[in-house]
Amino acid sequence: MSKKYAIGVDYGTQSGRAVLVDLSNGHEVADHVTPYPHGVIDEKLPVSGIPLGHDWALQHPDDYLEVLRRSVPAVLQQSGVAAEDVIGLGIDFTACTMLPVDADGTPLCFKPEWKDNPHGWVKLWKHHAAQDEADRLNAIAAERGEKFLPRYGGKISSEWMIAKVWQILNEAPEVYDATDRFTEATDWVISQLTGEFVRNSCTAGYKSIWHKQEGYPSKEFFKALDPRLENLTETKLRGDIKPLGTKAGEITPEMAALTGLKAGTAVAVGNVDAHAAVPAVGVVDEGKLVMAMGTSICHMLLGTEEVEVEGMCGVVEDGIIPGYKGYEAGQSAVGDIFEWFVEEAVPAYVKEAAEKEGVGVHQWLTERASQYKPGQSGLVALDWWNGNRSVLVDTNLTGVVVGYTLLTKPEEMYRALLEATAYGTRTIIDAFHNNGVPVHEVYACGGLPQRNRLLMQIYADVTNREIKIADSKQTPAVGAAMFGAVAAGSAKGGYDSVVDAAKAMARVREETFKPIPENVAIYERLYQEYRQLHDYFGRGANDVMKRLKALKDEVSH
Ligand SMILES: Nc1ncnc2c1ncn2[C@@H]1O[C@H](COP(=O)(O)OP(=O)(O)O)[C@@H](O)[C@H]1O
Ligand SMILES: O=C(CO)[C@H](O)[C@H](O)COP(=O)(O)O
């Protein structure tokens, strides 16, 4: 049999990338990135210019097809690999990134009658405007003693499916009525590739409150939310839910013409970016936490028991690797906070100096921040620029920096922000480790470990754990390709399970980041300061952030 390959397509927040992977060793033969032409739509709708409210974040579904049109042919061409040797394709996506579609699977925003209604568009994972709905959902679920709540760390996030659907119903009932199904973008793209609509167990479990044994929450629960939602799960959330590691279908002739792949190529069910990354770093059993570090961080961990952990995003059976309970937690902004600082808060002299030295602003700041010792800046920050996903599950929390003086330098502020995100991760690791889901090893993948060594050293020091780094720039895409190979199966030159695929294909670098004892000691003290601020501002002692946000909304309308 000739050498066989699979393609993984990773749909990130700002771009999508295809990677063509050698199935014998996981080697990335070719990759290609397509920036989304419309990016993140958070101020106004394309063409009509209709303004969006605070905390909105939309995307254009055609941008996802553009990735298939451009990046898949590009990796075939670059690699010179024949389409018949590409036996499978898998995708991974941000989530919950959801959209309303009609009975043909057409996104409502593609239709002239809905294109000017913001609710007809894709709601990106970081669309946070459904917080009111999430708050009400959580209060009603708690009051009714719903069994599902502990599986989601005690709170359902406004980033997820039910809160977003309910926001559509409340603010645009006409869009709700016109919707045949609400779908995760990952499932929609798979339906475009295969002509068949299937949901995947990963997003259904983590983002739509679905349970392998118990299914969705009861009709009574949905009726208690809003009588109009009573039949939601059997109407607009209907559809077969297939486990990860199964085949969704095959590339249609139309998609073959568009991508250059062979019609009939196996396509895996949809997956989530962070979840797909786990087997790609070789993690297929317990005790090993994987951090997918980019715009945000997702923290992924496997266990054998269903344990309650405060503020985790969820525990889902087979949600990451078949046979294990998959745990997820996360931070809603990490790289995004550093980007905010670079774009919005650095003085002109920094940009000029970086330009003069021919380096990026991140690199300029990082080089200078590296010259400080832990604690030397006198700063400590809370990492809540985009709310707090874990462990507080509250998108209404905002950022804080304590310790500024007239002498504070931009590189010190930048370092304080890097450190704040590490404290956020430490809080999550402690929550798992101290509540029955041990964390013995830490792995990192995604864009940040490739770009910022200081950041990774700070994470090793703050968590007091050695960190292993993925030997791939595109780890989720490699994971998605593994699932594509499993969808094809061993008879076609792929694999029969993702564990087999991981054995042959997963790679981490030899070099690791090890904690430096003197840094660990200082960071332990700084972390205690962080925790005091965290509990003071985040657990109700002082709701100033919420009052300011409410005032901002009041005076802006
Ligand atoms: N040198 C750097 N140090 C820290 N953060 C960086 C650096 N360069 C880029 N970033 C951040 O990386 C993030 C993008 O990460 P990446 O993994 O590529 O994307 P995504 O999460 O969308 O897949 C951006 O938020 C950006 O601010
Ligand atoms: O919540 C998620 C997965 O469960 C999102 O997909 C994730 O946080 C966004 O990922 P990225 O930072 O890589 O764009």
Side-chain angles (χ1 to χ4, degrees), residues 10-17 33 35-36 39-40 57 59 91-98 124-128 152 157-161 184-186 200 202-203 205-208 270-278 290-300 312-314 316 319-320 326-344 346 354 359-367 369-370 385-387 389-390 393 395 411 414-415 417-419 421-422 444-456 458-459 470 472-477 479:
D10 168 46
Y11 286 94
T13 299
Q14 297 175 355
S15 60
R17 53 218 104 171
V33 180
Y36 298 140
V40 175
Q59 283 191 327
I91 71 168
D92 67 83
F93 232 104
T94 63
C96 165
T97 293
M98 54 80 76
L124 183 60
W125 65 274
K126 64 177 179 174
H127 173 90
H128 281 167
Y152 296 94
S157 164
S158 71
E159 288 182 3
W160 300 347
M161 183 66 92
E184 285 275 352
T186 193
N200 74 86
C202 177
T203 50
Y206 287 102
K207 312 297 178 184
S208 291
N271 203 343
V272 178
D273 42 17
H275 302 62
V278 174
V290 179
M291 304 188 288
M293 304 178 71
T295 305
S296 62
I297 297 185
C298 290
H299 303 78
M300 319 298 302
M312 66 179 172
C313 301
V316 174
I320 302 173
Y327 288 85
E328 179 186 356
Q331 289 165 268
S332 299
V334 176
D336 246 3
I337 304 181
F338 314 146
E339 184 165 289
W340 165 83
F341 186 71
V342 165
E343 299 290 327
E344 307 293 341
V346 291
V359 298
V361 176
H362 283 290
Q363 195 184 330
W364 192 95
L365 289 165
T366 303
E367 277 166 16
S370 303
W385 264 245
N386 196 12
R389 192 187 285 175
S390 300
V393 200
T395 57
E411 54 267 33
Y414 188 75
R415 183 169 178 129
L417 297 178
L418 303 183
E419 291 170 343
T421 67
C445 63
L448 294 185
Q450 315 287 334
R451 296 190 181 112
N452 198 317
R453 296 179 61 82
L454 172 65
L455 179 76
M456 298 319 298
I458 290 173
Y459 273 58
S472 160
K473 281 189 271 169
Q474 316 283 5
T475 316

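We count ligands from 1, going down the list as the structure has it; atoms in each ligand are counted the same way. Throughout, numbering of the chain's residues begins at 1 and tracks the sequence.
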Cys298 to ligand 2, any heavy atom closer than 4.0 Å: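 Yes, Cys298 has a heavy atom closer than 4.0 Å to ligand 2.
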
Ligand 2 contacted by Arg389 (non-hydrogen, < 4.0 Å):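 Arg389: in contact with ligand 2 (<4.0 Å).
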
Give the residue and atom name of whichever protein heavy atom lies nearest to [atom], and the separation in Å to one decimal.
atom                    : answer
atom 14 (O) of ligand 2 : Thr13 OG1, 2.5 Å
atom 4 (O) of ligand 2  : Glu328 OE2, 2.6 Å
atom 3 (N) of ligand 1  : Asn452 ND2, 3.0 Å
atom 1 (N) of ligand 1  : His362 CB, 3.2 Å
atom 7 (C) of ligand 2  : Ser296 OG, 3.4 Å
atom 19 (O) of ligand 1 : Thr295 OG1, 3.9 Å
atom 27 (O) of ligand 1 : Gly335 O, 2.9 Å
atom 8 (N) of ligand 1  : Arg451 CD, 3.1 Å

Any side-chain donor paired with an acceptor under 3.5 Å for [X] and [Y]?
X      : Y      : value
Asn386 : His128 : yes
His127 : Glu159 : no
Ser157 : Tyr152 : no

Hey, is the main chain of [Y] close enough, under 3.5 Å, to the side chain of [X] for a donor-acceptor pair?
X      : Y      : result
Thr475 : Cys445 : no
Ser296 : Ala333 : no
Tyr36  : Gly12  : yes

Mutual orientation of the aromatic rings belonging to Tyr414 and His362 [parallel < 30°, tilted 30-60°, perpendicular > 60°]: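 Ring orientation, 0 to 90° scale: tilted.
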
Ligand-side contact atoms (ligand 2) for residue partner Lys207, heavy atom cut-off under 4.0 Å: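 By the 4.0 Å cutoff, the relevant atoms are 1 (O), 3 (C), 4 (O).
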
Ligand-residue contact atoms, ligand 2 with Ala95, heavy atoms, under 4.0 Å: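 Near Ala95, meaning under 4.0 Å from one of its heavy atoms, ligand 2 has 1 (O), 2 (C), 3 (C), 4 (O), 5 (C), 6 (O).
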
Could you list the atoms of ligand 1 found under 4.0 angstrom from a heavy atom of [X]?
X      : value
Arg17  : 23 (O)
Asp336 : 25 (O)
Phe338 : 4 (C), 5 (N)
Gly447 : 17 (O)
Leu448 : 4 (C), 5 (N), 6 (C), 10 (N), 11 (C), 12 (O)
Tyr414 : 3 (N), 4 (C)

Val272 contact mode with ligand 2 (heavy-atom cut-off under 4.0 Å):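 It is the side chain that gets close, since no backbone atom is under 4.0 Å.
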
Asp273 and ligand 2 - part of the residue with a heavy-atom distance under 4.0 Å: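 Side chain only.
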
Among Thr295, Thr13, Asp273, Thr97, side-chain hydrogen bond (donor to acceptor under 3.5 Å, both in side chains) partner for Trp125: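 It is Thr13; the other options fail the test.
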
Minimum side-chain heavy-atom gap Val316-Tyr327 below 4.5 Å: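 They are not in side-chain contact.
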
Arg17 to Val33 - nearest heavy-atom pair and separation: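 Closest approach of Arg17 to Val33, heavy atoms only: CB-CG2, 3.9 Å.
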
Ion pair Glu184/Lys207, N-O distance below 4.0 Å: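 Between Lys207 and Glu184 there is no salt bridge, as every charged N stays at least 4.0 Å from the carboxylate O atoms.
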
Arg415/Glu411 salt bridge by N-O under 4.0 Å criterion: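 No, this pair does not count.
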
Option with minimal heavy-atom separation from atom 26 (C) of ligand 1, where the choices are Gln450, Gln363, Glu339, Met293: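 The residue whose heavy atom sits nearest atom 26 (C) of ligand 1 is Glu339.
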
Any N/O pair Glu159/ligand 2 closer than 3.5 Å: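 No; every N/O pair is 3.5 Å or more apart.
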
Centroid-centroid under 6.0 Å between Tyr206 and His275 rings: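 Yes: the rings meet the under 6.0 Å criterion.
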
